[in-house]
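Here's the structure, in structure tokens; my notes come after.
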Amino acid sequence: MGALPARRTARQLRLRGVTEADLDALALLDRETFPEEPYPYFVLRQMYDVYPDHLLVLDDGTELKGYVLVGTAPDKSRSWILGLGITRDERGQGYGRRLMDEALRRLRGIGVAEVLLTVVPTNTAAILLYETLGFTAEQTTRQDYFGPGADRLVMRLRL
Ligand SMILES: CC(C)(COP(=O)(O)OP(=O)(O)OC[C@H]1O[C@@H](n2cnc3c(N)ncnc32)[C@H](O)[C@@H]1OP(=O)(O)O)[C@@H](O)C(=O)NCCC(=O)NCCS
């Protein structure tokens, strides 16, 4: 009898900070998770340049499977979650929550007072995740928040 195949559920993704060498893989990951509106490569590059400490990735040893990107004001009064994505094949296993928990833990650690984010109003999975983390919708949907037709819900968490 041959060796048993590794159980998929036994594999743990490693959560770590991003490196410059990850940028190509990060752009691919972002394009996979947001096929209709990926960040242009140069924007990801500049996010990395400005916020390297708050860009976390999930690594399976070969590929990146998830990321969270956070931007923080210089006076640490507030942070914005600028991106959160898990590859389709890894969704529903707690990885999105793990990335958010770690990002929020780090923000608490540096004394950030509040965290904001935007989400597509029909993105139930993301909204439920954010609500269970304590985020609440600031107000009703903001029409045209990201330009014509790009409505968003703004959610806020006081740390
Ligand atoms: C949103 C996203 C990051 C969630 O990541 P995930 O790893 O699948 O989520 P988790 O397994 O950690 O689940 C965390 C919580 O999210 C909610 N959730 C996740 N998937 C869900 C689904 N299909 N339906 C309803 N709720 C869901 C649940 O509240 C869940 O908590 P529970 O497991 O205790 O019930 C992921 O679906 C994704 O990458 N989507 C595409 C990109 C995106 O929409 N990003 C957010 C932009 S604001």
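Side chains included, hydrogens not; waters and symmetry mates left out as well; all remaining heavy atoms used. Everything numeric in this text was worked out from a predicted model, so none of it was measured. Order of listing sets the numbers, starting from 1, for every ligand and every atom in it.
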At a 4.0 angstrom heavy-atom cut-off, ligand 1 is contacted by Thr33, Phe34, Leu84, Gly85, Ile86, Arg91, Gly92, Gln93, Gly94, Tyr95, Gly96, Arg97, Thr118, Val119, Asn123, Ala125, Ala126, Leu128, Leu129, Tyr130
Leu56 and Asp53 have their tightest heavy-atom pair at CD2-O, 4.5 Å
Under the 3.5 angstrom rule, does the side chain of Asp59 hit a backbone N or O of Leu64 as a donor-acceptor pair? no
Between Arg142 and Thr118, do the side chains contain an N or O donor and an N or O acceptor separated by less than 3.5 Å? no
- prompt: Within the distance-only criterion (no hydrogens, no angle test), does the side chain of Asp22 pair as donor or acceptor with the backbone N or O of Thr19 below 3.5 angstrom?
  reply: yes
Residue set satisfying ring pair (Phe, Tyr, Trp, His ring centres under 6.0 Å) with Tyr67, at least two apart, ordered chain then number -> none
ask   = Are the side chain of Arg78 and the backbone of Ala73 linked by a donor-acceptor contact shorter than 3.5 Å?
value = no
